[in-house]
Amino acid sequence: MARPYRPGPKQFVFAAGDGNDQHVSVGDPQEAYVAFAAFFRDRESDTYIIEDEPARQRLVLMPRRGVISRTTDAGGPRSEHLRVDRPNRYLPSAMLFFENGYAGLDHFGQWLSDRSDLDASPEARGAARAATITTEAAAIDEVLRIWADSGYVDPTDQFYIFFDSHGADDDRAERAELLQLIEFLGLERVDAPAGATEGEVWVRADPRLDAECARWS
């Protein structure tokens with residue numbers, strides 16, 4: 001059962017550019033998700049907006065463009081944008097927003113502050129994202145986000161494997177970012193063993209990764 005909003009109920013506005021905005025008052029994130037899922041599926045639109053006016057936060061889904069954007073005015077204006085390659089990513093992003101607002105999507109993917117970067121090559125997008133990460137703590141957090149999505153620790157506990165069973169043409173932006181962060185952190189990348197899929201990245205275990213691994217597993 002979803003944790004109730006406290007204080008509650010909470011108000012959201014759903015919009016799709018057709019003039020038929022929907023104002024909802026909901027007691028918990030699951031109730032909000034159910035209401036928005038129905039709104040989303042009942043319309044054909046380029047843009048779907050979830051507005052949390054009291055919190056001054058917004059989530060914008062653009063399925064036809066393959067983009068998700070999030071905006072907050074709390075503590076100063078800030079917007080970030082995400083290239084989406086799978087249609088089943090949109091509603092999960094809404095659920096995370098209903099649960100924890102703007103910050104709830106921190107680990108949802110490779111966010112970029114300049115929307116024009118989304119049109120760059122995957123390798124350039126990965127490099128742009130890596131360039132925004134300037135501290136060891138943030139770099140470790142991002143490395144483990146990438147690992148948690150498609151990786152594991154080998155049975156000997158000696159290596160972190162990223163992009164398990166993925167081809168070299170998969171996850172190009174994430175791989176480009178990861179390789180820069182490996183260098184930034186001074187981690188040791190090793191050759192994948194014979195028989196590993198071409199796109200896998202193997203990194204020798206490091207105490208800094210081990211210390212954070214449990215909360216990502």
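We count residues from 1, following the sequence as given.
Note that OG1 of Thr72 is 10.5 Å distant from CD of Glu80, once rounded to the nearest 0.5 Å. Between atom CG of residue Leu112 and atom CZ of residue Arg129 there is a gap of 7.0 Å, rounded to the nearest 0.5 Å. How far OG1 of Thr132 is from CG of Asp117: 10.0 Å, rounded to the nearest 0.5 Å. Taken from NE2 in His23 to CD in Glu53, the straight-line distance is 7.0 Å, to the nearest 0.5 Å. Between Arg3 atom CZ and Glu99 atom CD the span is 7.5 Å, to the nearest 0.5 Å. The CZ atom of Phe159 lies 13.0 Å from the CG atom of Asp206; values are rounded to the nearest 0.5 Å.
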Exercise. Do Thr71 and Ser79 pass the side chain to side chain contact (heavy atoms under 4.5 Å, CB included) test, and can you show the C-alpha distance, the side-chain angles, and the key distance before you say yes or no?
Worked result: CA-CA 4 Å; Thr71 301; Ser79 295; 3.2 Å; yes

For this session: Evaluate the criterion side chain to side chain contact (heavy atoms under 4.5 Å, CB included) for residue pair Leu59 and Ile68; output intermediate values, then yes/no.
Result: CA-CA 7 Å; Leu59 184 69; Ile68 296 174; 3.8 Å; yes

Problem set entry | Intermediate values then yes/no, side chain to side chain contact (heavy atoms under 4.5 Å, CB included), Thr134 and Phe184 | CA-CA 9 Å; Thr134 58; Phe184 174 76; 5.6 Å; no

Problem set entry | side chain to side chain contact (heavy atoms under 4.5 Å, CB included) between Leu187 and Arg208, intermediate numbers included | CA-CA 10 Å; Leu187 300 174; Arg208 293 169 294 173; 3.6 Å; yes

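Two residues are said to be in side-chain contact when any heavy atoms from C-beta on lie closer than 4.5 Å; Glu200 and Asp164 meet this criterion. Side chains of Asp21 and Phe14 form no contact here, defined as non-hydrogen atoms less than 4.5 Å apart. When side chains are defined from C-beta on, Trp147 does not count as touching Val203, because their heavy atoms never get closer than 4.5 Å. Side-chain contact between Arg70 and Asp106: present, with at least one pair of heavy atoms (C-beta onward) separated by less than 4.5 Å. Two residues are said to be in side-chain contact when any heavy atoms from C-beta on lie closer than 4.5 Å; Glu136 and Leu185 meet this criterion. A 4.5 Å side-chain heavy-atom check between Glu123 and Arg175 finds every atom pair outside the cut-off. Residues Val24 and Glu31 fail the side-chain proximity criterion, which asks for heavy atoms closer than 4.5 Å. In this structure, Val60 and Thr47 have side chains that are in contact, with non-hydrogen atoms separated by less than 4.5 Å.
The shortest heavy-atom contact between Leu91 and Ala37 is CD2-CA, 4.1 Å. Nearest heavy atoms, Pro122 versus Ala176: O-CB, 4.5 Å. Shown here for Arg125 and Ala173, the closest heavy-atom pair between the two residues is NH2-CB, 3.9 Å. Shortest non-hydrogen contact noted between Trp202 and Ala196 is NE1-CB, 4.3 Å. A pairwise comparison of heavy atoms in Leu61 and Ser93 identifies CD2-OG, 3.4 Å as the closest pair. Of all heavy-atom pairs spanning Cys213 and Val153, the tightest one is SG-CG2, 4.5 Å.
Note on Arg145 versus Glu212: no salt bridge recorded, every NZ/NE/NH1/NH2 to OD/OE distance being 4.0 Å or above. Ionic pairing of Asp119 and Arg83 is present here: one or more N-O contacts between side-chain nitrogen and carboxylate oxygen are shorter than 4.0 angstrom.
A distance-only check finds no donor-acceptor pair linking the side chain of Arg58 to the backbone of Ile49 [under 3.5 Å]. Within the 3.5 Å criterion, the main-chain N or O of Phe39 finds a donor-acceptor partner in the side chain of Arg43. With hydrogens and angles ignored, the 3.5 Å screen pairs a side-chain donor or acceptor of Ser121 with a backbone N or O of Ala124.
When only modelled atom types and interatomic distance are considered, Asp149 and His107 share no side-chain donor-acceptor pair under 3.5 Å. A donor atom on one side chain and an acceptor atom on the other are found under 3.5 Å apart for Tyr160 and Asp210.
Transitive grouping of hydrophobic side chains (ILVMFWY, heavy atoms separated by less than 4.5 Å) keeps Phe108 and Phe163 in distinct clusters. Linking ILVMFWY residues whenever their side-chain heavy atoms come closer than 4.5 Å, directly or via other members, places Leu105 and Met95 in the same cluster.
For Arg189 and Phe162, the positive end is not near the middle of the six-membered ring at less than 6.0 Å and at most 45° from its axis. Figure legend: Arg78 and Tyr102 shown without cation-pi pairing, the cationic atom not lying both under 6.0 angstrom from the six-membered ring centre and within 45 degrees of its axis.
By the 4.5 Å side-chain criterion applied to Ile, Leu, Val, Met, Phe, Trp and Tyr, Val13 is assigned to no cluster and stands alone.
Tested against Phe98, the residues Phe12, Tyr33, Tyr5 include a single ring pair (Phe, Tyr, Trp, His ring centres under 6.0 Å) partner, Phe12.
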